[in-house]
Engineer: 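I have a structure I would like to understand better, so I am pasting it below and will then ask my questions one at a time.
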Amino acid sequence: MSVRTRFAPSPTGFLHIGGARTALYNWLYAKHHGGQFILRVEDTDAERSTAESMQVILDGLQWLGLDWDEGPGVGGDFGPYNQSERGEIYDRYLAKLEAGGYVYEDDGAIRFRVPDRTITVNDLVCGEVSVNLKEQGSRRYNTETKQEEEANPDIVIKRPNGGYIFHFVNVVDDIEMGITHVIRGEDHLSNTPKHLALFEALGATPPTFAHIPLNLNPNGTKMSKRDQGALIHEYQESGFLPDAVNNYMALLGWSAKDDREIFSMAELKDLFDFDGVNNSNSKFDYDKCKWVNGEHLRHLSNGELQELAGPFLSRSGIPAADDRVPAALQLTRERAQLLSEIPAVIATIFESEVSYDDAAVAKVTGQDDIQNKLSALTAGLANSSGWDEVEIKAAISAAAEGIGVKMGALMLPCRVGVMGSTSGADLVPVLVLLGQPEVIRRLKGFSALLD
RNA sequence: GACCCGUUCGUCUAGCGGUUAGGACACCGCCCUUUCACGGCGGUAACACGGGUUCAAGUCCCGUACGGGUCGCCA
């Protein structure tokens, strides 16, 4: 039987890292085994579900490249894929429970009678977990009063208003859609015995369960929308690459068990399995996520880099059509971790006036004989017959020799004079791109500034 | 509070009875170098605690502590 996994988001907010990571593991597992990944929308709560939220989630999954074989927009043999449209199916399954005497009415709602015995979940990640629902459910913790109260252990599966409830529809759809592996966050582990009881009452063989550890924020508490790195659409805006985000998410709870950490999606698909999934929660580390992105950035082809950096360049006023852009981008590869950091590295090439960094200027001003160095440099470059990297280096070297200093002594003044900063792209290639007249103009301007 | 799950450097992790406890991010130092990066080399840094089992325990068992989760007519 072919593996069928599903991601079942509830469209009540953004796509956050935890959900995306769950989707990724489902996707990877299905693809690894040549199976199908299904997207199902759990929108039974009409009050909280919104179309906007659904769109954000769909966009996020699409951006990550986690394409679904069945679900919204692509259809499939087991639709509809929105639970809000599956009422008839649920009615049919409810009738089964009624026929079996498993349910009863309570104040207009329908409750499922939980069995009074130990139910054992056999989980791919957590192992065997046993619980007695009757015992567990017969007391409820009141968060207001901090007291335990008597409670009805039987679970509500249908509201008085006719709407069905998560536990029931989740199980029915997993049966109906032929889901073979339920991969979800560990927050659902405690719900699983309920689901198992439902599968049994419906006469269905339950799928295999895998409850993956949760991703927490750096404080060790639940990720909230406000935590850095929590929302997928923000990764896109910050200049992350989809595959880098996937790579990092995969690493949060899974390991290839060798020392590799940078993987393409194809490699991930190839390597992912549950023996590599660990069972303790992890804390999100934004720095490492950025590092992973930097690694992916460096592996990009020239064409990919240009295409992906384009929006970020134009956003910061660098004309994408400028024919110096492709060459300039090559200078940014090792100096940026995020696409959004790229413009700053090369911005000076495209600006008509140099914006001088005070600290950088101070560093140069403090040097001995700075005006002499600058004029030698300027003259040397002005007299250079050609303007490629070799000739420029030769010109600077000769200028240095002329005034009895080492070439290195002229490089920093040159960099600050031309680029305004001590950091940024490689100096000589920048001089090439800027052109001889502009370089001379900037150096003269800098010399005047220092006077 | 009850129940469930977990606990290796600050963080992500490898380890599946015998290891100088390995790697990565971050941090520090050195090298390379025209700056900044990249890269290279090196460093600081971990088995939560207490009992067992065993010739031998980070690895197995039991407690404790701590963390997380669940306890909705939310999903």
Side-chain angles (χ1 to χ4, degrees), chain A residues 8-12 42-45 47-49 83 106-111 121 123 125-127 129-133 135-143 146-148 151 153 155-161 163-167 169-170 184-194 211 213-214 216 218 220-222 248 251-262 276 278-292 294 298 331-337 345 360 363 393 396 400 406-416 419 421-428:
Chain A
S10 173
T12 54
E42 305 224 331
D43 55 354
T44 53
D45 186 349
E47 308 268 296
R48 301 200 307 155
S49 300
Q83 291 184 329
D106 177 21
D107 278 331
I110 306 287
R111 282 187 189 268
V121 182
D123 193 276
V125 177
C126 305
V129 179
S130 301
V131 98
N132 183 316
L133 292 173
E135 278 173 17
Q136 267 315 293
S138 62
R139 268 165 300 154
R140 186 211 331 267
Y141 186 63
N142 185 323
T143 50
K146 309 249 189 221
Q147 297 284 310
E148 287 194 8
I155 58 181
V156 172
I157 59 173
K158 190 178 187 182
R159 303 182 180 92
N161 71 9
Y164 286 97
I165 292 203
F166 165 71
H167 298 108
V169 295
N170 192 271
R184 63 200 344 181
E186 206 185 274
D187 49 340
H188 283 297
L189 185 59
S190 300
N191 288 146
T192 308
K194 294 175 191 168
H211 287 91
L214 270 18
L216 308 174
T221 56
K222 209 168 180 170
Y248 181 68
L251 252 26
L252 247 28
W254 171 85
S255 142
K257 294 186 183 289
D258 58 15
D259 290 336
R260 286 189 62 199
E261 294 198 298
I262 300 301
N278 70 310
N279 53 5
S280 53
N281 295 347
S282 56
K283 293 175 190 162
F284 184 84
D285 183 349
Y286 197 75
D287 280 338
K288 181 136 187 183
C289 188
K290 282 207 299 193
W291 172 76
V292 170
R298 267 170 243 148
L331 306 178
T332 67
R333 266 181 199 285
E334 326 239 282
R335 273 159 247 263
Q337 288 189 315
V345 178
K363 212 166 167 181
K393 275 185 187 165
I396 297 175
K406 289 201 292 185
M407 179 177 170
L410 294 189
M411 293 305 281
L412 189 66
C414 184
R415 165 176 285 274
V416 175
M419 300 177 67
S421 165
T422 56
S423 66
D426 248 358
L427 178 58
V428 176

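The sequence lines fix the lettering, A, B, ..., with proteins before strands; numbering per chain opens at 1.
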Engineer: Can you tell me how far C1' in B:C66 sits from the matching atom in B:C74, rounded to whole Å?
Structural biologist: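 After rounding to an integer number of Å, I get 29 Å for this pair.
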Engineer: Tell me whether A:D426 contacts the main-chain N or O of A:V428 through its side chain, where contact means a donor paired with an acceptor under 3.5 Å.
Structural biologist: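 Checked: no pair found.
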Engineer: For nucleotides 57-73 of chain B, read 5' to 3', which letter fits each nucleotide if B means a protein heavy atom sits under 4.0 Å from the base, S means only the sugar-phosphate is that close, and - means neither?
Structural biologist: -----------SBSBSB
Engineer: In whole Å, what separates the C1' atom of B:U11 from that of B:C30?
Structural biologist: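 It comes out at 25 Å once rounded to the nearest Å.
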Engineer: Give one of base, sugar-phosphate or nothing for A:S255, where a contact means two heavy atoms less than 4.0 Å apart.
Structural biologist: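 Contact class for A:S255: sugar-phosphate only.
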Engineer: Which part of the nucleic acid, if any, lies within contact of A:S130, taking any heavy atom under 4.0 Å across all strands shown: a base, the sugar-phosphate backbone alone, or nothing?
Structural biologist: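 Sugar-phosphate, backbone atoms only, no base.
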Engineer: With both distances under 3.5 Å as the test, what is the Watson-Crick or G-U wobble partner of B:G67?
Structural biologist: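 Base partner found: B:C5.
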Engineer: Nearest nucleotide by nearest heavy atom, which residue falls closer to the 5' end of RNA chain B, A:K363 or A:K146?
Structural biologist: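 Upstream on the strand: A:K146.
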Engineer: Among B:U7, B:C4, B:U11, which nucleotide sits nearest the side chain of A:S280?
Structural biologist: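 Looking only at heavy atoms from C-beta outward on A:S280, the closest nucleotide is B:U7.
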Engineer: How would nucleotides 16-32 of chain B be written as a contact map, 5' to 3', with B for base contact, S for sugar-phosphate-only contact and - for no contact, using protein heavy atoms under 4.0 Å?
Structural biologist: -------BBB-------
Engineer: Go ahead and name the base partner of B:G17; Watson-Crick or wobble counts if both distances stay under 3.5 Å, otherwise write none.
Structural biologist: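 Paired with B:G17, as far as the under-3.5 Å criterion goes, is no nucleotide at all.
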Engineer: Going by purine N1 to pyrimidine N3 plus the second Watson-Crick contact, or the G-U wobble pair, all under 3.5 Å, which nucleotide sits opposite B:G58?
Structural biologist: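 No nucleotide pairs with B:G58.
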Engineer: Using atom CZ of A:R184 as one end and atom P of B:C5 as the other, report the distance to the nearest whole Å.
Structural biologist: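 Interatomic distance, CZ of A:R184 to P of B:C5: 16 Å.
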Engineer: Atom NE2 of A:H211 to atom P of B:C3: distance rounded to whole Å?
Structural biologist: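 Computing the A:H211:NE2 to B:C3:P distance gives 21 Å.
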Engineer: What nucleic acid atoms does A:D426 come within less than 4.0 Å of, heavy atoms only: base, sugar-phosphate, or nothing?
Structural biologist: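 Result for A:D426 = base.
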Engineer: Among B:A14, B:A2, B:A37, find the nucleotide with the atom closest to the side chain of A:R335.
Structural biologist: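 In terms of side-chain proximity for A:R335, the closest of B:A14, B:A2, B:A37 is B:A37.
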Engineer: Can you tell me the Watson-Crick or wobble partner of B:A46, both distances under 3.5 angstrom?
Structural biologist: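 Partner of B:A46: none found under 3.5 Å.
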Engineer: So which nucleotide does B:C32 pair with, by the Watson-Crick or G-U wobble rule with both distances under 3.5 Å?
Structural biologist: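 Checking every strand shown, B:C32 finds no partner, since no pair has both distances under 3.5 Å.
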Engineer: Which residues pass the side-chain hydrogen bond (donor to acceptor under 3.5 Å, both in side chains) test with A:S423, not counting sequence neighbours?
Structural biologist: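 Residues passing side-chain hydrogen bond (donor to acceptor under 3.5 Å, both in side chains) with A:S423: A:S421.
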Engineer: In Watson-Crick or G-U wobble terms, both distances under 3.5 Å, what is the partner of B:C25?
Structural biologist: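 Looking at the geometry, B:C25 pairs with B:G10.
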Engineer: At 4.0 Å (heavy atoms only), tell me whether A:S421 reaches a base, stays on the sugar-phosphate, or touches nothing.
Structural biologist: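 Since no nucleic acid heavy atom lies under 4.0 Å of A:S421, the category is nothing.
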Engineer: With a 3.5 Å limit on both atom pairs, tell me what B:A37 is paired to, counting Watson-Crick and G-U wobble, or say none.
Structural biologist: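 Its partner is none (no Watson-Crick or G-U wobble pair with both distances under 3.5 Å).
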Engineer: With rounding to whole Å, what would you report as the distance between B:A57 and B:C49 at their C1' atoms?
Structural biologist: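 After rounding to an integer number of Å, I get 15 Å for this pair.
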Engineer: Just by distance, with hydrogens left out, do A:T44 and A:R159 show a side-chain donor and acceptor under 3.5 Å apart?
Structural biologist: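 Side-chain D/A pair, A:T44 to A:R159: absent.
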Engineer: Between atom NZ of A:K406 and atom CE of A:M411, what is the distance when rounded to the nearest 0.5 Å?
Structural biologist: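 Going from NZ on A:K406 over to CE on A:M411, the span is 13.5 Å.
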